[in-house]
Amino acid sequence: MKASRCLYPGSFDPVTLGHMDVIRRAAAIFDTVAVGVLHNPEKKGCFSVEQRMDMLKRACQGIPNVEVISYGGLLAQLTRETGISVVVRGVRGVNDLENETAMARINRQLNPALETLFLPASPEMGEISASMVRQLAAFGADLSTYVPKEALPVIRAAFQAP
Ligand code: PNS
């Protein structure tokens, strides 16, 4: 069946401009993009799922065909439950490609109806990662070229000295 909807899953801890680039490009291809925020109780993120979703919703306000959801458990399970048959993932380089290929293969074994599409990161986004943003934030660096402006207040507040 042809797909009008895709899922862009991730930790988004926090959302970066690299993520936003993938979301915008996916939104130009698909009628609807569901951005899925992984809720993993065993892996406590830097930001709560609510904060991550809030940052994403604010950053995606100008893109009408984007919805933000959360999920726990397996991606394959979520795609079965929602009937979404295409997962989009951004790929920055060979390391990402290797990891993402393994994940895509496993997901397809778990849900044979599921395809994963890779979008190569735009050159200016190639070095951005959420873990790098967290490190820079911890040392008070300027984050404006790495994260959407809507996320800045939440990130600053989280790293502010008490
Ligand atoms: O932003 P990330 O951390 O690169 O996203 C990875 C994510 C959240 C998409 C992935 O780890 C995930 O969905 N995990 C849930 C468990 C699962 O389904 N794993 C895939 C089979 S290996």
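Keep in mind the model is a prediction, meaning the values are calculated, not measured. The figures that follow rest on heavy atoms only: side chains count, while hydrogens, waters and symmetry mates do not. Remember, it's 1-based here, ligands and their atoms both numbered in the order they're listed.
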request  = Looking only at non-hydrogen atoms, find the nearest pair between Arg108 and Leu114 and report the distance.
outcome  =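 Shortest heavy-atom separation between Arg108 and Leu114 comes out as CD-O, 3.0 Å.
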
ask   = What are the two closest non-hydrogen atoms of Val22 and Gly90, and how far apart are they?
value = CG2-CA, 3.9 Å

key: Atoms of ligand 1, numbered as shown, that sit under 4.0 Å from any heavy atom of Leu38   =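 Listed by number with element, the hits are 8 (C), 14 (N), 15 (C).
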
key: Atoms in ligand 1 flagged as close to Asn107, the criterion being non-hydrogen separation under 4.0 Å   =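 By the 4.0 Å cutoff, the relevant atoms are 20 (C), 21 (C).
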
Around [X], counting heavy atoms of other residues, nucleotides and ligands shown, do more than 12 lie under 6.0 Å from its [atom1]?
{"X": "Glu127", "atom1": "CD", "answer": "no"}
{"X": "Arg25", "atom1": "CZ", "answer": "yes"}
{"X": "Glu98", "atom1": "CD", "answer": "no"}

Main-chain N/O of Met125 paired with Ser122 side-chain donor or acceptor, under 3.5 Å = no

Could you check [atom] against the protein and tell me its nearest heavy-atom contact, residue, atom and distance included?
{"atom": "atom 3 (O) of ligand 1", "value": "Ser11 OG, 2.7 Å"}
{"atom": "atom 10 (C) of ligand 1", "value": "Met103 SD, 3.9 Å"}
{"atom": "atom 8 (C) of ligand 1", "value": "Tyr71 OH, 3.5 Å"}

[X] and ligand 1 - part of the residue with a heavy-atom distance under 4.0 Å:
{"X": "Leu75", "result": "both"}
{"X": "Asn40", "result": "neither"}
{"X": "Tyr8", "result": "neither"}
{"X": "Arg89", "result": "side chain"}

note = One should read off an interatomic distance between Met55 CE and Phe47 CZ, to the nearest 0.5 angstrom, of 4.5 Å

request  = Look up atom OG1 in Thr32 and atom CG in Leu7, then write down how far apart they are to the nearest 0.5 Å.
outcome  =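 One finds 12.0 Å between OG1 of Thr32 and CG of Leu7.
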
message = My understanding is that we take every heavy atom of each candidate and find the minimum distance to atom 15 (C) of ligand 1. Doing that for Ser131, Ser129, Gly90, Gly73, which one comes out nearest?
response =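 Selected option, by shortest heavy-atom distance: Gly73.
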
query = Taking atom 17 (C) of ligand 1 as the point of reference, which of Leu7, Ile106, Asp13, Leu74 owns the nearest heavy atom?
reply =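 Nearest option to atom 17 (C) of ligand 1, by heavy atoms: Leu74.
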
